Amino acid sequence: MGYKFREIEAKWQKYWSEHLTFKAENNGEKEKYYVLDMFPYPSGAGLHVGHPLGYIASDIYARYKRHKGFNVLHPQGYDSFGLPAEQYAIQTGQHPAITTEENIKTYRRQLDQLGFSFDWSREVRTSDPTYYRWTQWVFIQLFNSWYDRDRDKAAPISGLIAAFVKNGNSGVNASCDDDTPTFTAAAWKKCTHRQQQELLLKYRLTYLADTEVNWCPALGTVLANDEIVNGVSERGGHPVVRKKMTQWSMRITAYAQRLLDGLEKIDWPQPLKDAQANWIGRSVGASIKFKVIGPWADAEKDPETEPYIEVFTTRPDTIFGASFMTLAPEHELVPKITSPGQRKEVMAYVEATAKRSERDRLADVNRITGAFTGAYAEHPFTKEPIPIWIGDYVLAGYGTGAVMSVPCGDQRDYDFARHFKIPIPNIFEGVDISEEAFADKENTIIARSDFLNGLSYREATKKVITELENLGQGHGKINYRLRDAVFSRQRYWGEPFPVYYVDGMPQMIPEEHLPLVLPEVEKYLPTETGDPPLGNATEWAWDREQSAVVNKQLTDHKNVFPLELNTMPGWAGSSQYFNRYMDPHNENEIFSQEAINYWREVDLYIGGIEHATGHLLYSRFWQKFMFDLGQVPVDEYARKLINQGMILGTSAILYRVSGENRYVSKGLMADFDVEELRVDVGLVNASDELDIVELKLWQPQYKEAEFILENGKYIVGREVEKMSKSKYNVVNPDAICEEYGADSLRMYEMFLGPLEQAKPWNTAGITGVHSFLKKLWRLYHSGQGTTFKVSDDEPSKEAFKTLHKTIKKVEEDIAHFSFNTSVSTFMICVNDLTALKCTYRGVLEPLAILISPYAPHIAEELWMLLGHKGSISKVPFPAFEARYLVEDHKVYPISFNGKMRFTMELPLEMSKEDIEEAVLAHEKTRLQLQGRTPKKVIVVPGKIVNIVG
RNA sequence: GCUCGAGUGGUGGAAUUGGUAGACACGUUGGACUUAAAAUCCAAUGGCCAUUAUGGCCGUGCGGGUUCAAGUCCCGCCUCGAGUACCA
């Protein structure tokens, strides 16, 4: 009987689904383990072989943990709001919900076909109102919270109001807008309700504000910083411009330090942690105020408040080297301080910079431009006047949008000073600055700087901050690059905000009325008045049953109030989904405390690194907020994270003779002027030979084509690049499953190389693991291969040893997430057992269990044929027994490959028990590194020590 | 520029704690079986040299160093990849 993988796989997939084999309960005596995949966006193209890589790895781990006796939570769902379905809707008029539903069906079929052990009873979809109800709920909690810096956590806004009533805001240490005025209790009480609402908005963790946003005209929406790559939109590559708009924002900056600190306690890949740390961009320095001393642009100078320029610097120690100030052209003081004589030049410069797009600015960063304002600032210590310039190398969006320029210590200031012939005073001891600035702060000795002379960077910084504080002109400050996250999108296919407006001030829809369901619209484009697509809606509903219908507005039966017409961004739905899986059908709460306290956090999270500064940062922020609220027991939701590498495609390239319909084989292309064209990889065999007959059928332009062959063949070029439809290099898992089976595909994807690494797909190689599975099958079908045969005899020594070598190595490999080498180990094992003609039940049964996480279908079938009832997935993983040789008072582990990895000296006189104890102690430290604990050591006659673990 | 990561056969990669470099697989070559093909099985496969056989030398990007022992640790380079970027 041959290995009929198609029948076997269909049979067991049906069995698992009918028996709810992988359904997880929120309780039990077993220890819990939570394995999570980043849920997919269900795109219309379906899965290609690259997508399941991470799912296969997490599935192997989940299945392994079940064999190890854990209660495993391994859910899956869909991040089903998104742009492609909406753009498809704009083109075709088909509702995104329908497109999404269809795509989900395809995804589900493809996922099922691969034999994943997901608990589908816990499926969530971000576009489902029963799910996004809780996304809206979190939004409301954020709106009703502020960030208390003294207690370093979020707190209810009601407490803040109480503080304002009592003492105003002078005693409040909050994360709030920079322009928040100081007010007394009396002033607070005097404010109108609306003014109070406006003030509170400056404190709320989600707030409405006029923000300079990244507007993408082609997509008709704003984008977050992490959605822009090289000045163009991540999706589609469209240009992005800066624009002021009233938008919802998330006060993620309040959590900057905690997001940074939290990185230290989670086991995430270093590159990912680095990316987040860079994105947060903490820099330590000082904030310094420089008095502006004129001359004034006009007579209207404000007599009450003396204007000053506030700067942030990481080098306050170099303050005596500041020979000019530079403001961003957009800085608000520019029009105010510019002298009449310079006004024309300055305004021309400001206008010119405003016209330049982000891209242009990036394109020529080396061009030095700027203008003198005619104004001067006063040095806080020397009281000398310092000229104030403007220049576009100073960014309005970072720090205060103004710098004190120290040309001797900063290369950009140096270049600017050189260009505009501004003096470059040298304040460093023994350093030559005639060619470039000296920025090595660790080797700095300050000179010509009054009370700082002779000090190091560290000493000088400390001293100058003290002096500035004495003057009331500065203080130590930590600045972050992280910006608050814009949360509004001018799109249809996203979560509606649970918000309506009274007198232009936002109000939350009462929680009991959630969800506010996404309304139907006629068309998915902005309205004629420029409102987002939701402005087209005529009927809104609280929820499908209640149907409190309103017309673009909300009514309380007396008045009508407009609703928020923006929707939430893509990352909203993915910021708490991992917790919702714990209790996905709860209609009363986002999740019960019982469920969250049982599962606590994700133990293993697998997904792509592309979400480093998006989803993976935002979700950590929401988790910390939920922690502050007391909703979750831990403030980091994923203990360990692995970024799986991308599987790349190997494109096939044709060389067309320029301007002709002639194609030349790769080896002969040097003789021609050619251009490259990509063709479907399915038309090319493993030796890079093109099937010309098929090509002519593939696309009409090749029908009449001529081919210049070498040795009678057309050889294509190859290029390893990202798998994509447009490059015709996509390999579909359906075809692979059909030809080799899901078990072969699963094992092969693991075999390709380390999980974390990017690697090209090569279909030819799959025959290796496929023949391994056939060999495994034949192990149980000895003789002519027609009968299923196992022997109940005691296994031979060799067969037993082969098995235990395998158990040991597979456990070690899994502990290191080195799935690729464990597949090799299985292959060696099966080769060895084949050579030994092994038929022992005592070996074959444990072997089936070992292989079950990797190739679950064949393992189930073999388990059944061995006479067992029920799924193999619940059978305990076989225990490893290693042998240790005691000889000449030394213990030698007889390891897997016969290498003597360590030896242990034993005293001459030693009892059997003492040897056991000594070896156990030694092994404990060794094995703990691999996540295993030896339980028992047995010294058996014949100078052999056994360890059972 | 800055940050991080990686360089091992024809290819993907292995060597988990400093201990026989190249496991395992692909590919290639030869052979068995077959009318033939497919499938399957067996053998060889880092380079150079040598041979009657046992063999010898070189070899993990480059140059140094530590060590009884280095792909692995240290110092200095080179190349490639990823992220980020006028961040004060």
Side-chain angles (χ1 to χ4, degrees), chain A residues 2 229-230 269-279 281-283 285-286 288 311-316 318 322 325-326 328 361-362 364-369 391-395 397-406 409-413 415-416 439 479-483 609-610 612-613 643 645-646 650 686-687 720 747-748 751-754 756-772 774-775 778 785 808-809 811-813 815-818 820-831 834 895-903 925-926 929-930:
Chain A
V229 178
N230 297 330
Q270 199 55 45
L272 173 47
K273 289 189 186 183
D274 291 342
Q276 291 206 348
N278 278 335
W279 192 260
R282 179 184 201 259
S283 45
I288 305 174
V311 303
F312 173 75
T313 176
T314 56
R315 296 296 304 275
T318 62
M325 314 278 299
T326 315
R361 271 177 83 154
L362 283 171
D364 52 10
V365 289
N366 293 322
R367 212 176 83 202
I368 298 162
T369 58
D392 71 354
Y393 81 96
V394 176
L395 304 175
Y398 181 77
T400 59
V403 299
M404 67 171 204
S405 300
V406 183
D410 181 285
Q411 193 59 43
R412 290 155 306 169
D413 295 344
D415 294 341
F416 194 89
N479 200 49
Y480 298 92
R481 198 180 75 106
L482 185 70
R483 302 287 89 196
I609 195 165
E610 65 272 18
T613 53
N643 293 124
M646 210 189 305
T650 312
S687 327
V720 172
M747 290 200 94
Y748 184 53
F751 182 76
L752 273 175
E756 298 89 339
Q757 196 173 300
K759 54 233 160 199
W761 176 265
N762 172 15
T763 302
I766 201 169
T767 53
V769 284
H770 187 61
S771 67
F772 154 77
K774 285 195 280 193
K775 246 187 205 173
R778 278 202 307 274
K808 178 171 185 271
K809 185 133 194 322
E811 286 230 52
E812 286 173 4
D813 284 342
H816 288 95
F817 300 97
S818 182
N820 56 326
T821 54
S822 59
V823 175
S824 307
T825 307
F826 289 134
M827 292 187 180
I828 297 167
C829 177
V830 168
N831 280 340
T834 304
S895 72
F896 168 66
N897 48 11
K899 283 183 191 173
M900 298 289 182
R901 275 303 161 85
F902 79 98
T903 60
T925 41
R926 218 171 69 89
L929 295 170
Q930 299 155 6

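Worth saying up front: this structure is predicted, and the values here are computed from it rather than measured. Per chain, numbering begins at 1; letters A, B, ... match sequence-line order. Atom set for the values below is all heavy atoms of this structure, side chains included, hydrogens, waters and symmetry mates excluded.
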Taking the side chain of Arg481(A) as its heavy atoms from C-beta onward, which of G13(B), A85(B), U16(B) lies nearest to it? A85(B)
Taking atom OG of Ser822(A) and atom NE2 of His816(A), what is their separation to the nearest 0.5 Å? 12.5 Å
Under the side chain to side chain contact (heavy atoms under 4.5 Å, CB included) rule, what do Asp410(A) and Arg315(A) come out as? Steps first, then yes or no, please. CA-CA 9 Å; Asp410(A) 181 285; Arg315(A) 296 296 304 275; over 6 Å; no
Is there a side chain to side chain contact (heavy atoms under 4.5 Å, CB included) between Thr313(A) and Ile288(A)? Walk through the geometry before answering. CA-CA 8 Å; Thr313(A) 176; Ile288(A) 305 174; 3.8 Å; yes
List for me each residue that meets ring-ring contact (aromatic ring centres under 6.0 Å, His included) alongside Phe416(A), sequence neighbours excluded, and say none if there are none. Phe324(A), Trp389(A), Tyr393(A), Phe420(A)
Write down the distance separating the P atoms in U8(B) and A43(B), rounded off to the nearest Å. 29 Å
Considering only the P atoms, how many Å lie between A14(B) and G61(B), rounded to the nearest integer? 14 Å
Euclidean distance for P, C26(B) against U35(B) (whole angstrom): 27 Å
Ile828(A) has an atom CD1; how far is it from atom P of A25(B), in whole Å? 8 Å
Tell me the interatomic distance from Asn479(A), atom CG, to A88(B), atom P, rounded to whole angstroms. 8 Å
Can you measure from CD (Gln757(A)) to CG (Asn643(A)) and round to the nearest 0.5 angstrom? 13.5 Å
Assign each of Ile766(A) and Thr313(A) to its nearest nucleotide of RNA chain B by heavy atoms, then name whichever residue's nucleotide is nearer the 5' end. Ile766(A)
Whole angstroms only, please: what is the CG-P distance between Asp415(A) and A88(B)? 16 Å
Measure the CG-OG1 distance between Asn479(A) and Thr400(A) for me, rounded to the nearest 0.5 Å. 8.5 Å
Is it the case that the side chain of Arg481(A) and the backbone of Asn278(A) share a donor-acceptor pair, with hydrogens and angles ignored and the cut-off at 3.5 Å? yes
Can you figure out which of U16(B), A88(B), G13(B) approaches the side chain of Tyr398(A) most closely? A88(B)
Within less than 4.0 Å of OP1 or OP2 of G12(B), is there a side-chain N or O belonging to Asn820(A)? no
In sequence, state the C-alpha distance, the side-chain angles, and the governing distance for Met404(A) and Thr318(A), and then conclude on side chain to side chain contact (heavy atoms under 4.5 Å, CB included). CA-CA 10 Å; Met404(A) 67 171 204; Thr318(A) 62; 4.0 Å; yes
Taking every non-hydrogen atom, the tightest pair across Ser824(A) and Phe751(A): OG-CE1, 3.5 Å
Please measure how far the P atom in C74(B) lies from the corresponding atom in A85(B), and state the result in whole Å. 31 Å
When rounded to the nearest Å, what value does the distance between C1' atoms of C78(B) and A23(B) take? 30 Å
Under 4.0 Å between any heavy atoms, over every strand shown, what does Gln411(A) touch: base, sugar-phosphate, or nothing? Just pick one. nothing
Sorted by chain and number, sequence neighbours left out, ring-ring contact (aromatic ring centres under 6.0 Å, His included) with Tyr748(A) holds for Trp761(A)
Is a donor-acceptor contact shorter than 3.5 angstrom present between the side chain of Asp392(A) and the base of C86(B)? yes
I'd like to know whether Met827(A) forms a side chain to side chain contact (heavy atoms under 4.5 Å, CB included) with Val769(A), so could you lay out the CA-CA distance, the side-chain angles of the two residues, the decisive distance to 0.1 Å, and finally the verdict. CA-CA 8 Å; Met827(A) 292 187 180; Val769(A) 284; 2.9 Å; yes
Closest contact, heavy atoms only, Asn820(A) versus Pro754(A): ND2-N, 3.5 Å
Base, sugar-phosphate, or nothing for Pro760(A), non-hydrogen atoms under 4.0 angstrom? nothing
Any side-chain heavy atom of Pro271(A) within less than 4.5 Å of one from Ile609(A)? yes
Return the polar atom pairs (N/O with N/O) between nucleotides 2-4 of chain B and the protein under 3.5 Å, or none.
none

C1' spacing across the pair U67(B) / C2(B), given as an integer number of angstrom: 36 Å
Of all the nucleotides listed (C86(B), U16(B), C24(B)), which has the minimum atom distance to the side chain of Arg412(A)? C86(B)
If you check the Phe751(A) side chain, which of G13(B), C86(B), C24(B) turns out closest? C24(B)
Between N or O atoms, less than 3.5 Å apart, protein on one side and nucleotides 36-45 of chain B on the other: list the pairs.
residue, atom, partner, partner atom, Å
U40(B), OP1, Lys774(A), NZ, 3.1
C41(B), OP1, Arg778(A), NH2, 3.3

Using heavy atoms to find the nearest nucleotide of RNA chain B for Ala275(A) and Thr400(A) separately, return the residue whose nucleotide is more 5′. Ala275(A)
Could you run through RNA chain B and flag its stems, i.e. three or more consecutive Watson-Crick or G-U pairs with both distances under 3.5 Å? B:1-7 with B:78-84, B:10-12 with B:24-26, B:27-32 with B:40-45, B:46-49 with B:55-58, B:61-65 with B:73-77
For G65(B) versus U60(B), give the span between their P atoms, rounded off to a whole number of Å. 16 Å
The criterion is ring-ring contact (aromatic ring centres under 6.0 Å, His included); which residues satisfy it with Phe826(A), sequence neighbours excluded? Tyr854(A)
So which nucleotide from C87(B), A23(B), A25(B) ends up closest to the side chain of Ser824(A)? A23(B)
Using a 4.0 Å heavy-atom cut-off across all strands, classify Asp413(A) as base, sugar-phosphate, or nothing. nothing
Base orientation of G47(B), syn vs anti, 90° cut from 0: anti
Atom CZ of Phe312(A) and atom P of A88(B): how far apart are they, to the nearest Å? 7 Å
Between the base of U11(B) and the side chain of Asn762(A), is there a donor and acceptor pair under 3.5 angstrom? no
How far, in whole Å, is G71(B) from U84(B) if one measures between their P atoms? 36 Å
G81(B) P sits how many Å from Glu756(A) CD, rounded? 21 Å
Phosphate OP1/OP2 of C24(B) contacted by Thr821(A) side-chain N/O (<4.0 Å): no
